[in-house]
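Structure record follows, encoded as structure tokens.
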Amino acid sequence: KPVAAQAGGVNALARAGALSGRKYALAKVPDNAASPEFKDAVYSGTAIVQDGKIITSGICPMLAKATGLPNGTSRLTQALIDELLKK
């Protein structure tokens, strides 16, 4: 099944080991000393990143408002819908 996560949800995927060896999006590159769960994952920016059935977005509405970066919610949702509709 496809999985979509944004901002803090990406951290949960990393803690579960789901990002090991995979590309992901996050608001900024995590410090591997402070966040070792990301050490085997591949940071790929803040926009929508899909690696297999895992789709991530680094910028949620709150971060978009605080940083001025584009909110990834609509694109993340569409990417998940597109993946769910694949046969």
>> Checking Asp82 now: which residues fulfil side chain to side chain contact (heavy atoms under 4.5 Å, CB included) with it, not counting sequence neighbours?
In response: Gln78
> What pairs with Thr77 under side chain to side chain contact (heavy atoms under 4.5 Å, CB included), at least two apart in sequence or on another chain?
Replying inline: Thr73, Ile81
>> Within the supplied structure, the quantity of interest is the number of heavy atoms (other residues, nucleotides, ligands) at a distance under 6.0 Å from Lys53 NZ; does it exceed 12?
In response: yes
Considering only heavy atoms from C-beta outward, does the side chain of [X] approach that of [Y] to under 4.5 Å?
X     : Y     : value
Ile59 : Pro70 : no
Ile54 : Val49 : no
Glu83 : Ile55 : yes
Leu76 : Gln50 : no

>> Count I, L, V, M, F, W, Y as connected when their side-chain heavy atoms are under 4.5 Å apart, and connections chain through other members. Are Leu26 and Val3 then in the same cluster?
In response: yes
> Are Ile48 and Leu85 connected in the hydrophobic side-chain network, where two residues link if heavy atoms are under 4.5 Å apart?
Replying inline: no
Is a side-chain N or O of [X] found less than 3.5 angstrom from the main chain of [Y], in a donor-acceptor match?
X     : Y     : value
Thr67 : Leu69 : yes
Thr56 : Ala25 : yes
Ser35 : Ala33 : no

Heavy-atom closest pair, residues [X] and [Y]:
X     : Y     : result
Ala47 : Arg75 : CB-NH1, 4.4 Å
Gln6  : Gly72 : NE2-C, 3.4 Å
Leu84 : Pro2  : CD2-CG, 3.5 Å
Ala27 : Thr46 : O-CG2, 3.4 Å

>> Can you tell me how the ring of Tyr24 sits relative to the ring of Phe38, calling it parallel under 30°, perpendicular over 60° and tilted otherwise?
In response: tilted
> In terms of side-chain geometry, is the basic nitrogen of Asp51 or Lys23 positioned less than 4.0 Å from the acidic oxygen of its partner?
Replying inline: no
> NZ/Lys39 to CG/Asp31 distance, rounded to the nearest 0.5 angstrom?
Replying inline: 14.0 Å
